[in-house]
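Since the structure comes first, as structure tokens, the remarks are kept for the end.
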Amino acid sequence: MEKLTLTVKDDSKLLYLVNFLQQLDFVEVERHKPLKSTSPKKYDFFASAGLWKGRAIDAKQLREKAWKRNS
């Protein structure tokens with residue numbers, strides 16, 4: 001048996017989808033309440049220290065790459 005997790009983007013269509021899946025004899029539907037999100041974790045800026053260490057790239061090259069990617 002294989003499990004599949006679905007994310008329903010439109011809550012108004014959830015009941016329709018559940019009803020449809022329950023009609024299939026080879027599908028077992030288990031509904032779970034969404035997990036309550038915990039408070040967002042704060043990003044530790046200093047954990048990124050040394051990210052570019054040992055790389056031969058400067059700010060100008062980074063900007064050029066970024067602009068090429070976004071255009």
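Given the structure is predicted, the values throughout are model-derived calculations rather than measurements.
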Please report the shortest heavy-atom distance between Val27 and Leu21, naming the atom on each side.
CB-O, 3.8 Å
Should Gln61 and Asp58 count as side-chain neighbours, where that means a heavy-atom distance under 4.5 Å?
yes
Count the heavy atoms of every other residue, nucleotide or ligand shown that sit under 6.0 Å from OH of Tyr43, and state whether that count exceeds 12.
yes
Out of curiosity, does Val8 fall in the hydrophobic cluster containing Val29 (side-chain heavy atoms, cut-off under 4.5 Å, transitive links)?
yes
Heavy-atom check, side chain of Leu6 versus side chain of Leu4, under 4.5 Å:
yes
Between Phe26 and Phe20, is there a shared hydrophobic cluster once you connect ILVMFWY residues whose side-chain heavy atoms come closer than 4.5 Å?
yes
Drop me the distance from Arg55's CZ to Leu62's CG, to the nearest 0.5 angstrom.
9.5 Å
NZ of Lys65 to NZ of Lys60, rounded to nearest 0.5 Å, is 14.5 Å
Hydrophobic clustering (ILVMFWY, side-chain heavy atoms < 4.5 Å, transitive) - are Leu14 and Tyr16 grouped together?
no
